[in-house]
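Working notes, beginning with the structure itself.
Side chains included, hydrogens not; waters and symmetry mates left out as well; all remaining heavy atoms used.
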Amino acid sequence: MHSPQTSTCRIALPCYENRVMPRFGMARTFIFADINRSKKQITAITEKNWESSQPMDLPAWLQQQRVEGVLCGGIHPRYQIALEAKGMWVAWGFRGEIEAVLNQWLDAEKHPDKLADGFGFVSCCRIQHAAASNKISNTPCPRRKKP
C-alpha cells in the first residue's frame with residue numbers, strides 16, 4: 001500500500017458528529033487523518049461520506065482513499081479480516097471525540113511505554129496487540145504472514 005520512503009500515511013476513523021462511531025459497520029462518515037511519519041504529526045484532516053448500500057464495499061472504498069489503517073470503536077471480525085486482506089491495519093477499542101482519540105493515538109505512537117488504560121488494540125494477525133505498535137513507522141508484526 002505504501003513504501004518506506006513515503007513521508008505520510010492516512011488513517012481513517014468512522015465517526016458521527018465529532019465522535020468515534022461505536023460500531024465500524026454502521027458508519028457512513030469517515031475522518032481521514034494524514035500523518036507525517038517522521039514527526040508523527042497530523043498534516044491534514046478531511047471528512048468523506050461513504051454512499052454505498054453494500055457493506056462489504058467499505059474496505060475497497062477505504063483502500064481507494066489510500067487508507068493504511070483504521071482507528072475505531074467496535075468492529076466485527078469480518079471487517080477486520082476484509083481490511084487486513086486489503087493491507088490495512090485495524091486498531092479498535094477507541095471512544096470519544098475524534099481530536100482526542102487522534103492525539104491519544106499519536107502520543108502513544110511517540111511514547112508506547114505510556115499507554116493509557118483502555119487505549120485500544122490492534123489486530124494485524126488475529127492477535128491483539130497494544131494499539132501503539134509502531135504503525136506510523138510501518139514496523140511489521142513478526143506474526144503477520146508475508147503477502
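In this structure, the side chains of Val67 and Ile11 stay at 4.5 Å or more apart for every pair of heavy atoms. Looking at Val70 and Leu83, their side chains come closer than 4.5 Å, going by heavy atoms from C-beta outward. Pro59 places a side-chain heavy atom less than 4.5 Å from the side chain of Lys86.
Listed here is the closest heavy atom pair of Trp92 and Gly73: CB-O, 3.3 Å. Heavy-atom minimum distance, Pro14 versus Leu71: CD-O, 3.2 Å. Contact detail for Trp50 and Ala27: the closest heavy-atom pair is CE3-O, 3.9 Å.
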Val101 vs Leu13, side chain to side chain contact (heavy atoms under 4.5 Å, CB included): CA-CA, chis, key distance, verdict: CA-CA 9 Å; Val101 167; Leu13 295 91; 4.0 Å; yes

Let's go through Arg95 and Val20 carefully: what are the C-alpha distance in whole Å and the side-chain angles of both, what is the deciding distance for side chain to side chain contact (heavy atoms under 4.5 Å, CB included) to 0.1 Å, and is it a yes or a no? CA-CA 6 Å; Arg95 62 180 184 259; Val20 172; 5.8 Å; no

Derivation of the side chain to side chain contact (heavy atoms under 4.5 Å, CB included) call for Gln41 and Leu106: CA-CA 7 Å; Gln41 294 177 336; Leu106 283 170; 5.8 Å; no

Determine, step by step, whether Ile35 and Trp105 satisfy the side chain to side chain contact (heavy atoms under 4.5 Å, CB included) criterion, reporting the C-alpha distance in whole Å, the side-chain angles of both residues, the deciding distance to 0.1 Å, and the verdict. CA-CA 11 Å; Ile35 311 293; Trp105 181 75; 4.2 Å; yes

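Atom CD1 of Ile98 sits about 11.0 Å away from atom CD of Glu17, to the nearest 0.5 Å. A distance of 13.5 Å separates CZ in Arg23 from OH in Tyr16, rounded to the nearest 0.5 Å. Here the CE atom belonging to Met21 is positioned 8.0 Å from the CZ atom belonging to Arg28, to the nearest 0.5 angstrom. In this structure, CD on Glu68 lies 5.0 Å from SG on Cys9, to the nearest 0.5 angstrom. Atoms CD and CD1, on Gln80 and Ile75 in that order, are 5.5 Å from each other to the nearest 0.5 Å. To the nearest 0.5 Å, atoms CZ (Arg66) and CZ (Phe32) are separated by 9.5 Å.
Applying the side-chain contact (heavy atoms from CB on, under 4.5 Å) test to Glu47 and every residue at least two apart in sequence or in another chain returns Thr29, Ile31. Applying the side-chain contact (heavy atoms from CB on, under 4.5 Å) rule to Asp34 yields the partners Arg10, Thr43, Ala44; only residues at least two apart in sequence or on another chain are considered.
In this structure, Gln65 places its CD atom where more than 12 heavy-atom neighbours from other residues, nucleotides or ligands lie under 6.0 Å away.
In this structure a side-chain-to-backbone donor-acceptor pair under 3.5 Å is present from Asn36 to Ser38. Using a distance-only test at 3.5 Å, with no hydrogens or angles considered, a donor-acceptor pair links the side chain of Asn103 to the main chain of Glu99.
Taking the six-membered ring where the residue is Trp, the centroids of Trp61 and Phe30 are separated by under 6.0 Å.
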